[in-house]
There are 2 protein chains.
Amino acid sequence: MAELSAESGVPVATVKYYLREGLLPPGERTSPNQARYDVSHVQRLKLVRALREVGGLSVAAVGEVLKAIDDSATTYNALGVALDALTPQPDEASEEDRAWARGLLAGLAEQHGWKLHDGDPTERNVIDVLCRIRDLGHDELIVRLDEYAALAQELAVIDLGITTGLPTVERIVEAAVVGSVLGDRLFAGLRRFAQEGESRRLFQPGHLPGTDR
Amino acid sequence: MAELSAESGVPVATVKYYLREGLLPPGERTSPNQARYDVSHVQRLKLVRALREVGGLSVAAVGEVLKAIDDSATTYNALGVALDALTPQPDEASEEDRAWARGLLAGLAEQHGWKLHDGDPTERNVIDVLCRIRDLGHDELIVRLDEYAALAQELAVIDLGITTGLPTVERIVEAAVVGSVLGDRLFAGLRRFAQEGESRRLFQPGHLPGTDR
């Protein structure tokens, strides 16, 4: 148990809690006070840690993701359940706005070979964001949607390319969770740096003569 | 006042609150009970709304951003203050990890012409994320950092390209706030769609024979 905790970076008390909650299968009992755990326990614990600490999921939500991994016939299904669990529920917009956003999205999906699943959390989230942008009157963002989608496609090829080298479904789902949550934060941060550079280029007096304002 | 509220989408009671807090300059008094507001009031209110509702900033933080807009000699400075205000304060990692992350970042900055400002919120946020990814043992993400940075650079060129057509500093900052916060959410959503598509391509049985696992 102490080794398991050290290997996975999860405190002993938390490991015991996960055992009680069924997030971790029991070890092989070797004496009344001892049990043997193997590498599959370490992998499972690391995944639980990523889902809890990085993904911010509740113990119940982690249970659902693990169930999907254990029950799913394919990595594709398991990944779908895990990524859906990461997306928060969005607010409601008017039906007219939502139909408009859904139309935009359908166009992008056709162009890039994406599959829309009616009412899935990612779709609802994107539709909600598009409606908010429109509501705030920032159509200039919508105009560039095609370009954003093309870059998102390039990014996803990198994201998924990373996972194909990993040995188990658990490692793949864990890398996808870390790569999605921390990867979004990382990418948003890099975007800020690059925006700052562009802002300097466009708006800083002296940087390009005549473009200061 | 009623017109101002309708034009900006901000409720009358909230407009009054913003007037009291100094987020909105007073209108020109035309009678004891009436004041005249012009297009600059509508623009300021829309910006306040974006900072509050989209950026999630406190009234005090909005005040700082507005002060920067009014006091800044350049759009570049005003944008810098606004974008910094959007970035949450990260946790602490070990000094060794931070030095490692700072080194990575310095390499990217040199490559893309980004400017690092020691201790600014974006830098601390990216350093924190890099340290967390390393701590979780996902070096496979770090290996692709160059490719992420190159895409972030392409995205920022689009982002800033959008703002150059806008007429006032207020509109530019507002578009940057909406484009950063909602733009990050939008882009993360598009990334999810594209990931799903790639996951299907790579992992769904039957989609590419022999690649199911």
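These numbers come from a predicted model, not from an experiment. All chains are named by letter (A, B, ...) in the order of the sequence lines, taking the proteins before the strands, and each is independently numbered beginning at 1.
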> Which atom pair, heavy atoms only, marks the closest approach of A:Q195 to B:A156?
N-CB, 3.5 Å

> How about A:D159 and B:E198: do any of their side-chain heavy atoms sit closer than 4.5 Å?
no

> About how many Å separate CG of B:L145 and CG of A:L190, when rounded to the nearest 0.5 Å?
6.0 Å

> Among the options B:L105, B:L116, B:L130, pick out the one with the most heavy-atom pairs lying under 4.5 Å from chain A.
B:L105

> Give every donor-acceptor pair under 3.5 Å between a side-chain atom in residues 61-70 of chain B and any protein atom, sequence neighbours left out.
residue: B:K67; atom: NZ; partner: B:D71; partner atom: OD2; Å: 2.9
residue: B:D70; atom: OD1; partner: B:R44; partner atom: NH2; Å: 2.8
residue: B:D70; atom: OD2; partner: B:R44; partner atom: NH1; Å: 3.2

> Between B:G183, B:A50, B:A149, B:A109, who has the most heavy-atom pairs with chain A when the cutoff is under 4.5 Å?
B:G183

> Rounded at 0.5 Å granularity, tell me how far CG in B:L186 sits from CZ in A:R132.
13.5 Å

> Hey, could you give me the CD/CG distance between B:E154 and A:L155, rounded to the nearest 0.5 Å?
11.0 Å

> What is the minimum heavy-atom distance between A:A188 and B:D184, and which atoms define it?
CB-OD2, 3.4 Å

> Please report the interatomic distance CZ(A:R144) to CD1(B:I158), rounded to the nearest 0.5 Å.
6.0 Å

> Would you compute the distance between atom CG of B:L151 and atom CD of A:Q153 and round it to the nearest 0.5 angstrom?
11.0 Å

> Residues of residues 5-17 of chain A under 4.5 Å from chain B (heavy atom pairs)?
none

> With respect to chain A, which residue among B:G113, B:A175, B:G161 yields the maximal number of heavy-atom pairs within a distance under 4.5 Å?
B:A175

> So do B:F193 and A:L108 actually touch side chain to side chain, heavy atoms under 4.5 Å?
no

> To check you understand the geometry: which heavy-atom pair defines the closest contact between A:R191 and B:G179, and what is its length?
NH2-O, 4.0 Å

> Using a 4.5 Å cut-off on heavy atoms from C-beta on, say whether the side chain of B:T122 contacts that of A:E196.
no

> Less than 4.5 Å to any heavy atom of chain A: does that hold for the side chain of B:H112, its backbone, both, or neither?
neither

> Looking at CG of B:D139 and CD1 of A:I162, how far apart are the two atoms once the value is rounded to the nearest 0.5 Å?
11.0 Å

> Among A:H138, A:E140, A:E147, which residue forms the greatest number of heavy-atom pairs with chain B at distances under 4.5 Å?
A:H138

> Ring-plane angle category for B:F187 and A:F187, please: parallel below 30°, perpendicular beyond 60°, tilted otherwise.
parallel

> Passes side-chain contact (heavy atoms from CB on, under 4.5 Å), A:D128 versus B:R185? Steps please.
CA-CA 10 Å; A:D128 178 63; B:R185 264 183 72 190; 3.0 Å; yes

